[in-house]
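What follows is a set of notes on a single structure, which appears directly below.
Lettering follows sequence order; numbering is per chain, from 1.
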Amino acid sequence: MVIHEDPYDVAPVRLVAPDGTAVGDTDVGLKPDELRDLLRLMILSRRLDRECMALQRQGELTVYPPFEGQEAAQVGSAFALEPDDFVFPSFRELAAAIVRGVDVVEYLQYHRGTWHGGPYDPIASRFAPICVPVATQIVHAVGWAMGAKLDRLPVCSLAYFGDGATSEGDFHEAANMAAVFGAPAILFCQNNGWAISVPLREQAAGPIHTRAEGYGMPGVLVDGNDVLAVYSVTRAAAERARAGEGPTLIEALTYRMGPHSTADDATKYRSADEVKRWRERDPIDRYLKHLLASGAADESFVADCEDEAKEWVADVRAGITSLGPPPVDELFGFAYVEPPESLERDRRSSTEAPDG
Amino acid sequence: MAEYTMVAALNAALRDAMAKDPRTLVFGEDVGELGGVYRVTEGLQREFGSERVFNTPIAEAGIAGICVGLSLAGWRPVAEMQFDGFSYPALDQIVSHIAKYRNRTRGRTSMPIVIRIPSFGGIRGKEHHGESPETYYAHTAGLKVVVPSGALDAYRLLSLAIADPDPVIFLEPKSRYWAKEQGELAVDGPRMGRAWVRREGEACTLVTYGAMVTRCLEAAEVLARERVSCRVLDLRSLVPLDLDTLAESVRKTGRVVVVHEAPRTLGMGAEIAARIMEEAFDYLEAPVLRVTGYDVPYPPAALEQRYLPSVERITSAVRRVVSY
Ligand SMILES: Cc1ncc(C[n+]2csc(CCOP(=O)(O)OP(=O)(O)O)c2C)c(N)n1
Ligand SMILES: [Mg+2]
């Protein structure tokens with residue numbers, strides 16, 4: 001059985017141990033309210049993720065890909081970005097979307113089956129549409145970063161992708177181009193040990209972060225369940241990018257506690273024991289212990305977060321369940337700025353005679 | 001009067017577009033100092049600098065993929081695929097993203113991208129240098145697909161494609177790259193999405209595009225000597241198809257032969273024949289015939305003229321429909 005916790009000989013960057021004790025310099029430049037906000041966002045994310053699982057089981061969402069266990073990797077990295085930076089997610093980054101302030105009801109329309117991509121405004125929210133073709137979004141992030149560099153803007157892009165995505169040609173093309181063009185991009189790999197049912201060792205024979213050297217950029221291995229460590233390495237990569245020093249590859253070691261998606265049965269390919277060992281490394285428990293011990297947060301703050309989460313999740317549920325299908329006219333509305341005349345004719349005949 | 005090759009006309013269109021809009025970028029394999037393997041981008045890097053005209057690594061998916069990010073960042077990418085047969089690695093990015101992005105974002109983004117692909121055969125090329133990839137793109141909703149047939153219209157179409165708000169696949173008929181045309185370069189004239197009647201005639205319409213326009217004009221010349229007068233319709237735009245001009249041609253001539261280099265099965269000829277049935281069946285005097293490449297991989301140089309529609313194959317198809 002693969003023991004994914006420590007896939008490599010080298011130790012990842014870690015500031016807080018799984019039991020909550022500091023093992024590195026935890027002064028990562030965040031103010032106390034920001035430190036608390038990290039916890040709050042992780043709690044909100046987990047509550048919404050669990051609600052989405054419930055919504056799916058109740059038939060209110062189509063297939064849903066849960067991210068439980070990956071909250072620190074997503075919240076820590078997204079929190080390290082500035083408002084004008086641009087995120088290119090794959091399909092499991094709802095927590096990052098929450099941090100970025102994306103309208104989550106619009107985001108969840110993707111999983112509701114009412115609009116592909118999610119109809120939120122990607123430009124205003126600096127968050128690209130959900131991207132399912134594995135690894136393709138990494139290239140977009142590099143292109144965006146190249147464009148920002150041409151404009152001499154002090155910004156960066158961040159692409160999220162999984163361990164499985166590193167097997168795709170697009171990962172290679174994106175990494176190589178990012179380095180060749182000195183693009184201000186962060187290639188953020190959430191290595192959760194599995195690509196559906198395929199374990200890391202069947203996906204790649206060597207580490208992911210060390211490939212960076214071959215591309216000519218720094219590679220960082222970080223404990224993806226340590227939110228402060230993730231924040232700190234992402235912040236450094238963003239500063240590097242903004243300073244014109246080019247891209248960074250970050251490999252965050254984490255674990256998805258749930259199935260690949262609601263259509264998956266993870267018990268078919270991994271042991272309960274492995275899942276249990278990762279439960280002991282839970283990113284929220286760890287950070288909570290750390291904050292309580294350091295005095296940055298107390299039990300009442302946690303209770304407030306839980307209350308806020310409960311109310312917010314109920315609002316999101318109400319928003320989702322009230323969503324009906326978009327008007328049929330919209331089937332035709334967006335494919336082109338200037339639609340072909342034949343498509344206009346199809347639109348007219350389809351809306352005038354819906355059964356015809 | 002001035003005289004231009006298609007390469008020179010395309011080069012001028014790129015230069016004028018870059019001068020007009022400082023957000024226009026040109027990139028691809030070897031497009032920098034070399035000016036591209038066909039020299040279409042010659043001199044552009046010197047003129048506009050290596051930030052706006054640049055070589056990329058040999059990474060077609062990457063080239064198409066960065067177009068998406070650059071568009072989101074407000075640039076207008078004009079990317080070159082080096083050859084038709086090597087554009088296939090880019091298909092996923094084009095089909096899954098470039099074509100769909102606007103729709104996926106409910107019109108909140110657009111992809112004003114041009115992907116230029118030197119295409120089609122007839123140059124005694126090596127394997128992978130004679131492909132007709134048009135239907136892959138024409139079958140993908142969200143894209144426009146255009147094919148110029150001569151130098152002057154190549155200037156016009158590329159200028160229009162770069163100005164177009166939708167993604168355009170721009171297929172350049174390599175065998176016409178060095179053919180000269182006399183006249184002035186101008187954007188005025190037929191717009192995007194309009195077909196162009198290259199020769200008037202009453203007996204039959206030859207519907208075609210790209211390098212086959214010239215071949216159809218030659219065939220029309222031969223047929224004229226037999227007192228069979230052919231209309232030659234240069235489609236220019238495969239998406240959208242100019243259904244009005246197509247229907248008008250059927251009404252006028254009652255007979256149609258479609259000519260293209262691509263293999264017959266599910267080629268543009270199939271679509272055009274079907275559209276004619278839908279739009280103008282009552283005016284047809286004979287079945288629509290197709291003169292096309294065969295359903296085999298593009299052949300080596302020694303056989304390519306047996307593969308490509310010849311004047312003889314075109315004239316004999318016209319004789320068949322006219323005597324139907
Ligand atoms: C190009 C492509 N191939 C296959 C799939 C089907 N698929 C969806 S997710 C996935 C596994 C991805 O694994 P990883 O990159 O590790 O991300 P994770 O699911 O662990 O977040 C696969 C094979 C896909 N979406 N895209
Ligand atoms: Mg994975």
Side-chain angles (χ1 to χ4, degrees), chain A residues 86 88 106 110 115-124 128-133 135-151 153 155 157 159 168-170 172-174 176-181 183 185 326 330-331 333-343 345, chain B residues 23 25 27 51-52 54-75 77 89-90 92-93 95-112 141-144 164-167 192-193 237 239-244 275 278-279:
Chain A
F86 212 116
F88 289 82
E106 293 203 330
Y110 186 78
W115 205 263
H116 286 327
Y120 55 89
D121 187 335
I123 304 292
I130 294 169
C131 181
V132 175
T136 54
Q137 76 281 7
I138 317 173
V139 199
H140 307 164
V142 172
W144 189 89
M146 289 168 67
K149 186 181 177 186
L150 287 175
D151 277 321
L153 296 171
V155 294
S157 66
E168 288 279 6
D170 278 24
H172 163 72
E173 295 193 19
N176 185 51
M177 280 180 139
V180 166
F181 291 110
E330 296 199 347
L331 187 59
F334 304 112
Y336 292 88
V337 180
E338 296 169 352
E341 175 52 31
S342 57
L343 188 59
R345 280 196 231 166
Chain B
R23 303 298 289 179
L25 304 174
F27 52 87
E51 287 200 333
R52 291 184 59 205
F54 54 87
N55 290 331
T56 64
I58 309 169
E60 292 79 12
I63 292 168
I66 62 172
C67 288
V68 173
L70 285 163
S71 297
L72 293 175
W75 294 89
D92 177 39
Q93 284 286 350
V95 171
S96 300
H97 292 297
I98 291 177
K100 294 186 169 79
Y101 224 86
R102 182 182 153 78
N103 195 61
R104 301 177 80 243
T105 58
R106 290 169 71 89
R108 279 164 159 155
T109 63
S110 55
M111 294 281 127
L143 303 174
K144 292 177 180 170
D164 200 274
D166 290 310
M192 285 281 284
S237 170
V239 178
L241 263 182
D242 184 350
L243 299 180
D244 292 342
R275 290 284 183 178
E278 291 166 358
E279 305 285 324

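For A:Glu106, the part lying near chain B is the side chain, with the backbone staying farther off; criterion is any non-hydrogen pair under 4.5 Å. If you measure heavy-atom distances from B:Arg52 to chain A, you find no contacts under 4.5 Å at all. When heavy atoms are compared at a cutoff of 4.5 Å, B:Glu278 does not approach chain A at all. Both the backbone and the side chain of A:Leu150 have a heavy atom closer than 4.5 Å to some heavy atom of chain B. With a threshold of 4.5 angstrom between heavy atoms, A:Asn176 approaches chain B through side-chain atoms but not through N, CA, C or O. B:Glu51 touches chain A through backbone and side chain together, each having a heavy atom under 4.5 Å away. Proximity to chain B involves both the backbone and the side chain of A:Pro119, based on heavy atoms less than 4.5 angstrom apart. Contact of B:Ser237 with chain A is not made at all, since no heavy-atom distance falls under 4.5 Å. If you measure heavy-atom distances from B:Asp164 to chain A, the contacts under 4.5 Å come from the side chain alone. Contact of B:Leu70 with chain A is made through backbone and side chain together, with heavy-atom distances under 4.5 Å. With a 4.5 Å cut-off on non-hydrogen atoms, B:Leu25 touches chain A through its side chain but not through its backbone. Residue A:Phe88 touches chain B through its side chain alone, counting heavy-atom pairs closer than 4.5 Å.
Using a 4.5 Å heavy-atom threshold, the side chains of B:Pro57 and A:Met177 count as touching. For the pair B:Gln93 and A:Thr136, the minimum side-chain heavy-atom distance is below 4.5 Å. Contact of the B:Met111 side chain with the B:Asp166 side chain is not registered, since no non-hydrogen atoms from C-beta on lie closer than 4.5 Å.
Using cut-offs of 30° and 60° for the angle between ring planes, the A:Trp144 and A:Phe86 rings count as tilted.
Highest contact tally toward chain B, considering only A:Pro340, A:Ala124, A:Gly169, A:Ala174, is held by A:Pro340 [criterion: heavy-atom pairs under 4.5 Å]. Heavy-atom pairs under 4.5 Å with chain B peak, among A:Ala128, A:Ala148, A:Pro129, A:Ala145, at A:Pro129. Among B:Arg104, B:Lys100, B:Arg106, B:Glu60, the residue with the largest count of heavy-atom pairs under 4.5 Å with chain A is B:Arg106. Interface check for chain A: of the options B:Arg275, B:Met192, B:Glu279, the most heavy-atom pairs under 4.5 Å are formed by B:Glu279. Per-residue counts of heavy-atom pairs under 4.5 Å with chain A were compared for B:Pro240, B:Pro165, B:Gly107, B:Gly193; the largest is that of B:Pro165. Considering only heavy-atom pairs separated by less than 4.5 Å from chain B, the leading option among A:Pro122, A:Pro326, A:Gly118 is A:Pro122. Per-residue heavy-atom pair counts under 4.5 Å with chain B were compared for A:Val142, A:Val337, A:Val139, and the maximum is reached by A:Val337.
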Could you walk me through whether B:Arg102 and B:Arg108 pass the side-chain contact (heavy atoms from CB on, under 4.5 Å) test, one step at a time?
CA-CA 7 Å; B:Arg102 182 182 153 78; B:Arg108 279 164 159 155; over 6 Å; no
B:Ser71 vs B:Tyr101, test: side-chain contact (heavy atoms from CB on, under 4.5 Å). Steps then yes/no.
CA-CA 10 Å; B:Ser71 297; B:Tyr101 224 86; over 6 Å; no
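The closest donor-acceptor contact from the side chain of B:Arg23 to the backbone of B:Gly74 lies under 3.5 Å. Proximity of a side-chain donor or acceptor of A:Ser157 to a complementary backbone N or O of A:Ala141 within less than 3.5 Å is detected.
Ring to ring, A:Phe334 and A:Trp115 are close: their centroids are under 6.0 angstrom apart.
Enclosure of atom CD1 in B:Ile58 is not indicated, since only 12 or fewer non-hydrogen atoms of other residues, nucleotides or ligands lie within 6.0 angstrom.
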